[in-house]
Each structure stands twice: as structure tokens, then as C-alpha cells.
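Convention: sequence-line order gives letters A, B, ...; per-chain numbering from 1. This structure is a prediction, so every number in the text was calculated from the model and none was measured.
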There are 2 protein chains.
Amino acid sequence: MNAARALPAPPHATAAEAAHRRLKAMILDNAMPAHSQWLEAALALELGMSRTPVREAMMRLAQDGLVAVTPRHGMRVLPLAAADMREIYDVLESLEPKAAELLARRRPSADVLAPLHAACDAMEAALRAGDRQAWATADEDFHRSLLDACGNPRLAAMVMQVWDQSHRGRMVTLNLRPLPEASTAEHRAILLAIAAGDGDGARELFRLHRRRGGAELIALIERSGLAWL
Amino acid sequence: MNAARALPAPPHATAAEAAHRRLKAMILDNAMPAHSQWLEAALALELGMSRTPVREAMMRLAQDGLVAVTPRHGMRVLPLAAADMREIYDVLESLEPKAAELLARRRPSADVLAPLHAACDAMEAALRAGDRQAWATADEDFHRSLLDACGNPRLAAMVMQVWDQSHRGRMVTLNLRPLPEASTAEHRAILLAIAAGDGDGARELFRLHRRRGGAELIALIERSGLAWL
DNA sequence: GGACGTATTAACGTATGCATTAACGGATGG
DNA sequence: CCATCCGTTAATGCATACGTTAATACGTCC
């Protein structure tokens with residue numbers, strides 16, 4: 001399920017960058033569980049570098065909203081409670097529909113939409129195969145492709161930040177819920193609205209998509225346990 | 001007009017924190033103009049500290065979207081073009097109305113709304129006095145108070161980030177536009193909707209407020225100059 | 001026996017040192 | 001006169017050193 005999918009690729013080969021990438025992957029893959037604490041010196045030893053780049057990586061993780069750094073206790077991996085998921089879905093419910101609207105208004109060419117079509121196809125195939133992990137990957141591809149194409153890098157970066165924050169929550173609930181048939185169909189409908197240049201339609205479809213998905217996810221989390229991953 | 005209004009106050013007395021606060025204030029007040037470049041060593045000398053905390057501050061400014069750090073040329077203060085303002089207002093148009101909706105749905109008590117009422121009063125007073133700077137301060141107070149009270153710190157932090165990014169743009173246009181009478185009235189209307197617990201109403205009023213204000217601001221910027229601050 | 005004060009220590013924030021590397025300028029060749 | 005190659009230099013990223021401070025443990029006093 002986890003398998004340390006290497007986050008993107010090394011753009012700049014700096015140690016601080018590598019430390020950030022590796023630590024982020026470990027947190028998202030739950031290799032560093034919530035509430036666990038890690039000192040600069042320990043991580044430096046673990047990663048085979050000095051405290052300086054580790055320190056920089058910790059700062060960036062804090063900015064990412066994944067850890068809290070407290071002066072004497074190193075960084076603490078933040079738990080993800082139902083309240084956090086609620087905050088995150090409020091943001092997603094506001095920003096992602098806007099991204100869909102922006103993309104639709106751009107009257108995107110077919111090749112811009114190709115990754116979105118591919119992601120939809122992959123989601124439908126995964127659904128037929130009953131492969132939840134593949135579905136989650138395709139879902140992620142869909143949302144990332146949409147953000148990349150929407151033409152507003154600031155908005156895209158903000159969405160990706162909270163998207164990453166909620167990653168562990170989505171992964172844990174993935175196998176607790178029924179196969180996401182409705183969600184898959186909604187993606188296709190959103191894509192059709194975008195392709196048709198219907199900005200308002202795409203935005204509202206997306207808003208409903210997020211609202212339903214968020215409510216389901218939060219209900220699921222509240223039903224299973226309280227304090228969280 | 002500028003007068004280096006000290007950003008909040010020293011929460012932690014760390015040199016890196018101080019460097020970040022001072023540099024950010026200088027950028028927002030245009031003491032470090034767009035496109036200007038600053039090396040670590042030069043800033044360290046200027047701020048009376050070593051390169052280490054300056055480096056950290058530069059990283060944080062980059063995260064704030066205020067500068068770009070390029071390996072051999074230090075940090076470069078980012079210009080703010082019409083395209084940036086468009087991106088920023090897309091984000092504000094999505095997130096701030098949501099914040100208003102959230103606050104309204106909380107059925108806030110009178111003392112929670114007190115800062116908002118005070119800000120509205122101050123805006124109206126500034127309008128009568130024709131004091132644009134005072135109006136801008138009150139406007140900022142209104143928006144900040146709303147975010148503080150909305151109950152979603154993630155959303156609030158995101159708005160404040162782009163709000164800061166657009167600060168220079170708002171300051172420059174402040175004296176180029178007619179007195180913001182419509183805007184002042186809109187704030188009052190939004191506040192009334194919030195006080196009435198009308199989430200949908202508050203959200204839509206705020207969306208229109210941002211859309212109109214953003215369009216005006218961008219038109220003003222495009223009319224005056226192209227590449228920017 | 002428990003609470004308070006003190007000593008110890010370890011984690012951190014900052015300063016500094018060092019090797020790397022890319023930008024700049026000059027010299028050389030066409 | 002212009003382009004290219006090479007040497008110089010300075011800015012950086014990382015490593016390490018150092019002083020400060022807070023958390024822990026111990027001893028003492030009540």
C-alpha cells in the first residue's frame with residue numbers, strides 16, 4: 001500500500017532538498033507516525049548529513065503543515081484529526097472548484113485535457129478491477145493535472161499543500177469505504193463541463209463533488225476513531 | 001504613507017525571526033524595491049548578525065512568495081504584475097467568502113463581532129475624513145479580524161499570505177482611485193449578514209465585493225503601468 | 001515523604017570555517 | 001573587432017564549533 005513512492009524527482013541536488021523530500025515521503029507514508037518526535041541530531045545521523053540541511057528541511061516541513069518544531073523537542077509529526085480534515089475540505093471546496101472554472105474558461109485544447117481524460121479512464125478501470133490503490137493514484141493524477149493546467153500557480157500550490165496534509169487521512173479511509181463509484185462518475189462529469197467550456201457548471205459540479213466526498217470522509221473518520229493519525 | 005509600521009511584535013526573540021520580520025516589513029513598505037537583489041553577506045552586515053539567521057529569513061520570505069532566491073544572486077524581490085494580482089484575487093475570491101460563511105454559521109456572539117464593527121466604523125470615519133491611509137488600515141483590520149474569527153486557521157493563513165503578497169499593489173493604487181464608498185458599504189452589508197447568521201448571504205456578498213474590487217484594482221494597474229512594483 | 005532549589009547536560013540558535021562552483025574579466029586567436 | 005577559452009574570485013551550501021538555555025535529576029530542607 002505505501003511503498004515509499006518517491007516524491008517527484010531531484011530538481012536541485014542539494015542536501016537540504018533531499019532531506020525535505022525524504023522526510024516528507026516518510027511522513028506521508030506513515031513511516032514517521034503522528035506524535036513521534038525527532039531531534040535534529042538524530043535525523044542528521046539517519047540521513048548522513050550535518051544538522052544544517054536537516055534544520056532547513058524541518059523548517060520547510062513545518063511550513064508544509066506536516067510537523068511542529070518546538071525548541072527543545074525537535075519536530076513532532078502532527079496528528080490529523082477530524083477537525084483538521086474539516087478545515088482542509090473547506091479550503092479544497094473553495095479553491096478546487098475555482099481551478100476547474102478557470103480551466104474551463106480557458107477553452108483548453110484537447111491535448112491539455114488529455115491527462116484528465118487518462119486519469120478518468122484509469123479511475124474507471126480501477127473501479128472495475130476493484131483496485132482501490134490504483135483508483136487513489138488516478139484520483140490524485142486527475143486533481144494534480146487539473147491544477148497544473150488551471151493557469152493559476154498560486155492557487156495550485158495552495159491546494160497541493162492541503163492535499164498533502166490530508167494524504168494520510170485519505171489513505172487510511174481508502175479501504176474503509178465502499179468503492180467510489182459516485183466519485184468516479186463525478187470526475188467524468190466535471191471533465192465534460194470543462195471540455196465544454198462551461199465554467200460555472202464545472203465549478204458547481206466540483207463544489208458538490210468535494211462537499212459530498214469531504215462529508216463522507218469526515219463521517220468515516222469520526223466513526224472509526226477520534227484522535228488521529 | 002509607509003512609515004515602517006512594525007509588523008506584529010516579537011513573539012520569539014530569535015535573530016532569524018527578527019530578520020524575517022524586518023526584511024518583510026522593508027519589502028512591504030517598498031524599502032527594498034522590486035527586482036532589487038540582496039546577498040546573504042550584505043544583509044547579514046546590514047542586520048548585524050551572521051549569515052545563518054539571514055539565510056533562514058530568506059527561505060521564509062521565499063515561502064511567503066515575496067522573493068526568489070537564486071543560488072548565485074541572493075534574493076530578488078519579486079515584482080507584482082497585473083497577472084499576479086489576477087491570481088491573488090482568484091484566491092481571495094474563493095477563500096474569503098468561505099471564511100465569512102464559516103463565521104456566519106458559527107452564530108458569533110457580539111464580542112466576537114466587535115472588532116468587525118469597529119473596523120467598519122473606522123472605515124466610514126476615514127471615508128468622511130477623506131483619509132485613504134486610515135481607510136486602508138481599517139480595511140485590513142476588518143479582513144484580518146474576520147479571518148481570526150472564522151475558525152479555520154489554515155484558510156486564514158493562506159488568505160493572509162496572498163494578502164501580504166498583494167500589499168504593495170493595494171498601497172500604490174490607493175491614491176489613484178476614487179474614495180472607496182461602495183467598498184465601505186459592502187463591508188457593512190457583509191457584517192450584517194454575518195451577524196444575522198446568514199452564511200450563504202455573507203458568502204455571496206463577499207464574493208461580489210472581492211470580484212468588483214479585484215476587477216477595479218487590476219484595471220487600474222493595467223491602465224497605469226505594465227511591469228510592476 | 002514530599003516540595004523546593006540547584007547542578008548537570010543536552011538540544012538548539014548562531015557564528016565561523018571550508019570546499020565547491022558559477023559568474024566575471026582578461027587574454028588569445030580568428 | 002568579435003568570439004572563445006581560461007583564470008580569478010566571490011557567493012554559496014554544508015560542516016563544525018561555541019555559547020545559551022531549558023529540561024532533567026539530584027540533594028536538601030521542611
What's the closest nucleotide to the [X] side chain, out of [options]?
{"X": "A15(A)", "options": "dT12(D), dC14(D), dA11(C)", "answer": "dC14(D)"}
{"X": "T52(B)", "options": "dC12(C), dC14(D), dA15(C)", "answer": "dA15(C)"}
{"X": "M49(A)", "options": "dG13(C), dC14(D), dA15(D)", "answer": "dA15(D)"}

Quick one: [X] [atom1] to [N] [atom2], roughly how many Å, whole number?
{"X": "L45(B)", "N": "dA15(C)", "atom1": "CG", "atom2": "C1'", "result": "14 Å"}
{"X": "H20(A)", "N": "dC14(D)", "atom1": "NE2", "atom2": "P", "result": "14 Å"}
{"X": "Q37(B)", "N": "dT12(D)", "atom1": "CD", "atom2": "C1'", "result": "15 Å"}
{"X": "R55(B)", "N": "dT16(C)", "atom1": "CZ", "atom2": "C1'", "result": "14 Å"}
{"X": "E40(A)", "N": "dA17(D)", "atom1": "CD", "atom2": "P", "result": "16 Å"}
{"X": "W38(A)", "N": "dC12(C)", "atom1": "CH2", "atom2": "P", "result": "14 Å"}
{"X": "L39(B)", "N": "dG13(D)", "atom1": "CG", "atom2": "C1'", "result": "15 Å"}
{"X": "R60(A)", "N": "dG13(D)", "atom1": "CZ", "atom2": "C1'", "result": "14 Å"}

*For a side chain to side chain contact (heavy atoms under 4.5 Å, CB included) with L116(A), tell me which candidate from I190(A), D121(A), D141(A), L103(A) qualifies.*
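Between L116(A) and the candidates, side chain to side chain contact (heavy atoms under 4.5 Å, CB included) is satisfied uniquely by L103(A).
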
*Earlier contact from the 5' end, DNA chain D, for H73(A) and P53(A)*: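 Its nearest nucleotide lies further toward 5', so the answer is P53(A).
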
*Does any N or O in the side chain of Q161(B) come within less than 3.5 Å of the main-chain N or O of Q63(B), such that one atom is a donor and the other an acceptor?*
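Checking the backbone N and O of Q63(B) against the side chain of Q161(B), a donor-acceptor pair under 3.5 Å is found.
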
*asked:* Please classify the nucleic acid contact of E56(B) as base, sugar-phosphate, or nothing, using heavy-atom distances under 4.0 Å.
replied: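 No contact.
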
May I ask you to decide whether [X] forms a salt bridge with [Y], counting only side-chain N to carboxylate O separations under 4.0 Å?
{"X": "R168(B)", "Y": "D29(B)", "value": "no"}
{"X": "K98(A)", "Y": "E93(B)", "value": "yes"}
{"X": "R203(A)", "Y": "E101(A)", "value": "yes"}

*asked:* Tell me whether the side-chain N/O atoms of R51(B) come closer than 4.0 Å to OP1 or OP2 in dT14(C).
replied: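 So the side-chain polar atoms of R51(B) never come under 4.0 Å of the phosphate oxygens OP1 or OP2 of dT14(C).
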
*Can a donor-acceptor pair under 3.5 Å be found between the side-chain atoms of R72(B) and the base atoms of dA11(D)?*
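In this structure, the two groups form a donor-acceptor pair.
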
